[in-house]
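These notes concern the structure reproduced below.
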There are 2 protein chains.
Amino acid sequence: MSMRRTTIKDVAEAARVGVATVSRVLSGGSASPETRERVLTVAAQLDYRPSALGRNLRQQRSGGIGLLLPDITDTFYGRLADGVLACARSAGEPVILGTTGDDEEREAELIGMLVEQGVDRVIAVPSGDGEIWAPTLRAGLTMVFAHRSSGGRDEVPAVLADDRAGVRTAIDYLTGLGHRRIAYLGGPGQSQRLTAFRQALGPLVDEELIVLARGTRDSAYAAAAGLFQHRPDLTAVLAGGNLLGEAAVLAARELDVRVPRDMSLVMFDDVPWAELCSPPLTVIAQPARDIGYRAAELVLRAGGRRPRGVLLPTELIVRGSCGPRGSSRSPR
Amino acid sequence: MSMRRTTIKDVAEAARVGVATVSRVLSGGSASPETRERVLTVAAQLDYRPSALGRNLRQQRSGGIGLLLPDITDTFYGRLADGVLACARSAGEPVILGTTGDDEEREAELIGMLVEQGVDRVIAVPSGDGEIWAPTLRAGLTMVFAHRSSGGRDEVPAVLADDRAGVRTAIDYLTGLGHRRIAYLGGPGQSQRLTAFRQALGPLVDEELIVLARGTRDSAYAAAAGLFQHRPDLTAVLAGGNLLGEAAVLAARELDVRVPRDMSLVMFDDVPWAELCSPPLTVIAQPARDIGYRAAELVLRAGGRRPRGVLLPTELIVRGSCGPRGSSRSPR
DNA sequence: CATGCTCATGGAAACGATTCCATCATGTTT
DNA sequence: AAACATGATGGAATCGTTTCCATGAGCATG
């Protein structure tokens, strides 16, 4: 019924050469022009496609790139994945996707699965402080972090958006509008942004206005609603991600906080619906797709040498969700 | 520096048995209780993880599931992918992701890449009319279609949302509000929805009110804007996907068409931002994640027998984007 | 007691590619 | 002309696993 795939041996026999020669011709080794020609012709005729299985076993590594994301449902990571896929496709490499849910344990599991599969190049948005990665690195994996860097020093190159600058311009913008009580709604694993926030705000920082949520919608909503209820005196919010921004808009509407009259809102990450909101959201755009693309480039071209990380620019896109400081809301 | 991975041979030697026995023990074959015990202990001690590479070559297939989506950036497909990943993870199977951009050629390329990798189980949202799939099927792949089915008869099981019922309830809802001139904004590869639209509308159908866009944002916007400009007499629109819905909202705002006063809008697919819109969008919710999960179940448990497809329910979620038929807009 | 059956077991053969190494032909240098 | 360098070529080993098959032990049945 189903005939056997054509193997390198078939090609060798049909072209009356040895298998070694076929392999050399196909992988760019040296061969005389005439045999090269003959082998190529025969291979084309037989529609020969080398089996990745055999090759992988021999060279002890499956091609392919592992991609570990917190949540593929989040459009930010969707765009990031899109960038990785684009680059991988142009290199002909398959991409194995796994989602961690920002859980270190699941992340470790996934890494185990990847090495089991022989995947030796991984792009990850690291969940924890990156201690899990130490053994992985020692095992000889080529790693690149995207969007977040591992907690401590950087043994692993990272492709990041310039959070520091993004936060700074956003805060400058808000303080320029007269805001003083500015809150920060943060998600998991973004210590960078948080410290940038603290730095940018300087003496104005109010620790009670800093709220951290877990990666879920519910958690984000709870954080936003809690913040708005407890601190009616705040006049501006910086949401550290599109999920947080969504939660902020929702909570504001629910609690009758009008944007931007009662409260200004800046959201990290420009998503399509930011423009559809009313008012349209002022955002800090991040080049999510580029982050993925660059990370893939790095992990693919890592010829033994460990490349330096990359910092990509962010952009403040002013729409309609920020206004001058109004009278602060009265407690309900 | 980097020590060799521990192989089955190491385990065999350490446990003083043959490699065959180790393999049997680890894959659930028969063995005497004592040897089983010994092998398991030793394997655990040496932290032995069987290499997928060797296994794959031997059994001529890499485990793993191929997942082919039009666009991972679209949250619908993001949710679908999430479902697939969830199911695959519980089965310990890796998922190889590829995006087709609704392009048959790219789709064919990706399939080629997958078979080269030895992947023999694929979940796909088919782009074209499915002719590409014939040779693939003959090659012995296990295929499941998700979200769309192949054009003709169904040789391939498909997991679908009940588009027919979804369209019908939406149209009933709109006609119930008094609407007669109802437009359809469609995307690629959804002939199902379109025919359902025609059927549900019956004699009211106006072919000029049916506009099809390609899969991009620009194309969707152009389609929506063109429709609104040319036909100011329409009073309701059914958008056949979240991209189309987004375009409709944008175009309506741009052209000063007020929703729902001037025009009612129902969108296929419930996305988080539908609630953030003003007015909040009335949508036909589809169980995207379930579609993915079920598709993965099907493709995993396909024990030779070809399972029947699955039809999952949709739900009309009424929010604020539909109203009774008002006076139709005057041409500009 | 002999025969046959079941079961655990290990050696060895696949699987399909890459790559080391030996061989042989050809051309170049002394 | 002999020695040597160069380059093309094919045989064979290798990667790590599964699985076929033969072997031998233990046990029951005739």
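All values reported here derive from a predicted model rather than from experimental measurement. Labels below follow one simple rule: chain letters A, B, ... track the order of the sequence lines, proteins then strands, and each chain is numbered from 1.
- Look at NZ on A:Lys9: it is 14 Å from P on D:dA13, rounded to the nearest Å.
- Taking only side-chain nitrogens and oxygens, A:Gln60 comes nearer than 4.0 Å to OP1 or OP2 of D:dG16.
- Counting only heavy atoms from C-beta outward, the side chains of A:Val159 and A:Leu298 approach each other to under 4.5 Å.
- Dashed line: the shortest gap from a side-chain N or O of B:Thr21 to OP1 or OP2 of C:dG10 is under 4.0 Å.
- Residue B:Ser32 has its side chain nearest to C:dA8 when only C:dA8, C:dT18, C:dG10 are considered.
- For D:dC15, the OP1/OP2 oxygens have no side-chain nitrogen or oxygen of B:Thr7 closer than 4.0 Å.
- Ion pairing of B:Arg106 with B:Glu109 is absent here, as no side-chain N (NZ or NE/NH1/NH2) approaches a carboxylate O to less than 4.0 Å.
- For the pair B:Leu57 CG and D:dA13 P, the interatomic distance rounds to 18 Å; values are reported in whole Å.
- Comparing B:Gln59 and B:Arg36 by the nucleotide of DNA chain C that holds the closest heavy atom to each, the one mapping nearer the 5' end is B:Arg36.
- Contact of A:Arg24 with D:dG10 (side chain to base): a donor-acceptor pair of N or O atoms is detected under 3.5 Å.
- Put simply, B:Ser23 has a side-chain N or O that comes within less than 4.0 Å of OP1 or OP2 on D:dT18.
- As rounded to whole Å, 17 Å separates atom C1' of D:dA8 from atom CD of A:Glu37.
- The shortest side-chain heavy-atom distance between B:Asp102 and B:Asp71 does not fall under the 4.5 Å cut-off.
- The aromatic rings of A:Tyr77 and A:His147 stand perpendicular to each other, their planes meeting at an angle above 60°, with 30° marking the opposite boundary.
- Under 4.0 angstrom from either OP1 or OP2 of C:dA8 there lies at least one side-chain N or O belonging to B:Ser30.
- Going from atom CZ of B:Arg38 over to atom P of C:dT9 covers 8 Å, rounded to whole Å.
- When the nearest nucleotides of DNA chain C are assigned to A:Val19 and B:Val22 by heavy-atom distance, the more 5′-ward of the two goes with B:Val22.
- Below the 3.5 angstrom threshold, one finds no donor paired with an acceptor across the side chain of B:Arg58 and the base of D:dT17.
- B:Ala20 comes within contact range of at least one nucleobase, with a heavy-atom separation under 4.0 Å.
- Whole-Å rounding puts the B:Leu26 CG to D:dG16 P distance at 16 Å.
- Using a 3.5 Å distance cut-off with no hydrogens or angles, the side chains of A:Gln117 and A:Ser62 do not pair a donor with an acceptor.
- Atom pair A:Glu34:CD and D:dT9:C1' shows a separation of 12 Å (rounding to whole Å applied).
- Looking at heavy-atom distances under 4.0 Å, B:Arg61 makes no contact with the nucleic acid at all.
- Listed pair B:Ser27 / D:dT18 fails the phosphate criterion, with no side-chain N or O lying under 4.0 Å from OP1 or OP2.
- Here C:dG11 presents its P atom at 13 Å from CD1 of B:Ile8, a figure rounded to the nearest Å.
- Residue-level contact check: A:Gly18 touches the backbone only, with heavy atoms under 4.0 Å from sugar-phosphate atoms and none from bases.
- Between the side chain of B:Arg49 and the main chain of A:Glu116, no donor-acceptor pair closer than 3.5 Å is present.
- For C:dG16, the OP1/OP2 oxygens have no side-chain nitrogen or oxygen of A:Arg55 closer than 4.0 Å.
- Taking atom CZ on B:Arg5 and atom C1' on D:dG16, their separation rounds to 9 Å, with Å as the unit.
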